[in-house]
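Convention: sequence-line order gives letters A, B, ...; per-chain numbering from 1.
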2 protein chains.
Amino acid sequence: MSDLDAIDRKILGHLQADGRITMQELAGKVGLSVSPCHRRVKLLEERGVITRYIASVDQKALGLHVSVFISIKLARQKEEDLKRFEKAISAWPEVLECYLMTGNRDYLLRVVAADLSSYEAFLKTKLTRLDGIASIESSFALSQVKYSIALPV
Amino acid sequence: MSDLDAIDRKILGHLQADGRITMQELAGKVGLSVSPCHRRVKLLEERGVITRYIASVDQKALGLHVSVFISIKLARQKEEDLKRFEKAISAWPEVLECYLMTGNRDYLLRVVAADLSSYEAFLKTKLTRLDGIASIESSFALSQVKYSIALPV
DNA sequence: GATGAAAGAAATCCATT
DNA sequence: AATGGATTTCTTTCATC
């Protein structure tokens, strides 16, 4: 699966920091010439190690001032209950992250909204309308201290 | 601040989905020709609306099988205590996200590690060595149901 | 502000080692 | 697997509307 050598990991490190670095510059940084560097990047893309390239956008500039972590407990934990819940939240753009947690097997969601009233609208028109939810607990973030998508390589 | 018109928001939507889309294709999708589309993208970059471009890497392919959410309470909440804590965690690559939360004014961290023993190493050599921490509570994620960095535009 | 064209730079492919 | 060069494609700038 992941037989990534040292050069692959270097490449991934640089691409996580700058997804638009030129092949020439990237090749220089990892000590290869352009062609083999290019081939490695293409292989990493094909193997699904690099999943995609993204522009990162400032949350405040979009007017999204509210970040909420929501703990959700389901009434039943049968496979089909989980699947139905996961399918629903996956379709909502306000939900940026969702994790199935150990312990009580509940879900942890990170949701963004413009303000408290649009968060309330999200709760009322979407989340609380789902069947099979036993409890919802919202925790609000005062500020985002760190946000990185660069995994340690 | 954010006088983004409909076309700007369309551009941001497409760039969040594909950070390497060509100007030609992007221009077509938003109904402009290449030059004005290019100018808008450059402006969005200069204004800090687009913060950067990133390659997204598969966590499992890197062998990072453990995702943990950590709730941390500080002994004191003076500005300098917060600053010191935030500076420390910002430097650690294992910490991908950190939020200052309302309520008890504690921190919520998302941390990744290869396995439980390397997570333990992170706790022992880094987190628990910080001064002024009153409590640490780890919650493990069984699976990542959704992970998106694309903000709703 | 938008347009189209033109120059420069980068990605991509291929023959060679 | 890596290299250097050739080709194609994109970015970026500029004059014009």
Would you kindly give the [atom1]-to-[atom2] distance between [X] and [N], to the nearest whole Å?
X	N	atom1	atom2	value
A/Y53	C/dA11	OH	P	10 Å
A/E25	D/dT11	CD	P	17 Å
A/I7	D/dT3	CD1	C1'	14 Å
A/Q24	D/dG4	CD	P	12 Å
B/D18	D/dC10	CG	P	13 Å
B/M23	C/dT3	CE	P	15 Å
B/R20	C/dT12	CZ	C1'	13 Å
A/I11	D/dA1	CD1	C1'	13 Å

Heavy-atom donor-acceptor pair, A/D18 side chain to A/L15 backbone, under 3.5 Å | no

Under 3.5 Å, is there a donor-acceptor pair between the side chain of B/S138 and the main chain of B/I70?
->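 Not confirmed, B/S138 side chain does not pair with B/I70 backbone.
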
May I ask you to say whether B/K42 pairs ionically with B/E45, meaning some side-chain N is under 4.0 Å from a carboxylate O?
->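 Answer for the salt bridge query: yes.
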
Could you pull out all residues at least two apart from B/D8 that satisfy side chain to side chain contact (heavy atoms under 4.5 Å, CB included)?
-> B/L4, B/D5, B/R40, B/L44

Identify every side-chain donor-acceptor pair in residues 139-152 of chain A under 3.5 Å, counting partners at least two apart or on other chains, and give the distances.
unit_1, atom_1, unit_2, atom_2, d
A/Q144, NE2, B/Y99, OH, 3.1
A/K146, NZ, B/S90, O, 3.0
A/K146, NZ, B/W92, O, 2.8
A/K146, NZ, B/V95, O, 3.0
A/S148, OG, A/A150, N, 3.0

Distance flag, aromatic centroids of A/Y53 and B/Y53, threshold under 6.0 Å = no

For DNA chain C, the residues among residues 30-45 of chain B that have a non-hydrogen atom under 4.0 Å from it =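 Heavy-atom cutoff 4.0 Å gives B/L32, B/S33, B/S35, B/P36, B/R39, B/R40.
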
